[in-house]
Number of protein chains: 2
Amino acid sequence: MAINKKDEFSPQEQELAALAKAMSHPARIAILKVLAGKNECICGEIVDLLPLAQSTVSQHLKELKDAGLISGSIDGPRSCYCINWEAFEAFNNGFNNLLNDLRKQKANQCC
Amino acid sequence: MAINKKDEFSPQEQELAALAKAMSHPARIAILKVLAGKNECICGEIVDLLPLAQSTVSQHLKELKDAGLISGSIDGPRSCYCINWEAFEAFNNGFNNLLNDLRKQKANQCC
DNA sequence: ATCCCTTATCGCAAATATACGATTAATAAT
DNA sequence: ATTATTAATCGTATATTTGCGATAAGGGAT
């Protein structure tokens, strides 16, 4: 693509898209599910559970972290990741707002 | 990437990721908002509202359609697009299921 | 200090996504 | 039949993502 046009959309559209993008790979959905299914924050256990190399998992974790969906802290030689609750609710709110707009039109569908 | 590893994840993970991916570009969020804000199904009006060329918009519409989020029917020389209600609810349900799993762990956060 | 374990980062290759102009297809209007 | 209008598709260039191995970096343990 010659030029990146993403900047020409509204901040809300960009934010919602960025969060959706962070969840747009099955590996990252799987990581979120692993984090959701454990009482403790996981580090390298995720690598054992996924069919991916350690470096690849680390990269996916970084993307989730950059998007703000998870937070990570260094705990000695290992890293500890957790769900970032606020960001997750923010995505949910943004998505529900969109969904509510859609619902208004439900009766007027023509195709 | 040498090999596509997406197939090695569960169908649920793949489906949720695919829907998230369809919404992972601000232009496609904008298209959904346009469809939500009009009583009639829009065709080329979308092109006028977005800062993108006609062929690019058509490509984005195809991606939303392939993901099942919108449906389109040919109406004479123009095309008519609408929100696909069921698919949208499906994404919402999948996301809420994930969110509910997360909520269970809210009290046990360690970072 | 040295070794080991864990994780982040670098560098690279291959696959996908993004964007556009040009062309095609399909129908409406003249 | 010809022309105009609308939208899909093709071809292409560039950007980004995905994935891995190799290497570094940061602590523990001996």
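Residue numbering restarts at 1 for every chain, and letters A, B, ... go by the order of the sequence lines. Every heavy atom of this structure was used, including side-chain atoms; hydrogens, water molecules and symmetry mates were not.
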Can you check the [X] [atom1] to [N] [atom2] distance for me, whole Å?
X	N	atom1	atom2	answer
Lys21(B)	dA17(C)	NZ	C1'	7 Å
Phe9(B)	dT18(D)	CZ	C1'	11 Å
Leu50(A)	dT7(C)	CG	C1'	15 Å
Asp7(B)	dT18(D)	CG	P	15 Å
Asn4(B)	dA13(C)	CG	C1'	15 Å
Ile31(B)	dA7(D)	CD1	C1'	13 Å
His60(B)	dA7(D)	NE2	C1'	16 Å
Met23(B)	dA17(C)	CE	P	16 Å

Seminar exercise, completed: Of Glu63(B) and Ser58(A), the one whose closest nucleotide on DNA chain C sits nearer the 5' end is Ser58(A)
Exercise. Considering residues at least two apart in sequence or located in another chain, which fulfil the side-chain contact (heavy atoms from CB on, under 4.5 Å) criterion with Glu13(B)?
Worked result: Pro26(A), Ile29(A), Ala30(A), Lys33(A), Phe9(B), Ser10(B)
Exercise. Could you give the distance from CG (Asn96(A)) to CG (Asn100(A)), rounded to the nearest 0.5 Å?
Worked result: 6.5 Å
Exercise. What is the distance from atom CD of Gln54(A) to atom CG of Leu61(A), rounded to the nearest 0.5 Å?
Worked result: 9.5 Å
Problem set entry | Check: Arg28(B) side chain, Met23(B) main-chain N or O, donor-acceptor pair, under 3.5 Å | no
Exercise. Is the side chain of Ser58(B) donor-acceptor paired with the backbone N or O of Ser55(B) at a distance under 3.5 Å, no angle test?
Worked result: no
Seminar exercise, completed: Protein-proximity profile, nucleotides 20-30 of chain D, B/S/- by nucleotide at the 4.0 Å heavy-atom cutoff, equals BBB---BSS--
Nearest to the side chain of [X], which nucleotide is it out of [options]?
X	options	result
His25(B)	dA8(D), dT18(C), dT16(D)	dT18(C)
Lys62(B)	dA19(C), dA7(D), dT9(D)	dT9(D)
Arg78(A)	dA19(C), dA7(D), dT6(C)	dT6(C)

Problem set entry | Lys62(B): salt bridge (charged side-chain N to carboxylate O under 4.0 Å, His left out) partners, not counting sequence neighbours | Asp66(B)
For this session: Look at the aromatic rings of His25(A) and His60(A) and report parallel, tilted or perpendicular, splitting at 30° and 60°.
Result: tilted
For this session: Indicate whether OP1 or OP2 belonging to dT6(D) is found under 4.0 Å from a side-chain N or O atom of Tyr81(B).
Result: no
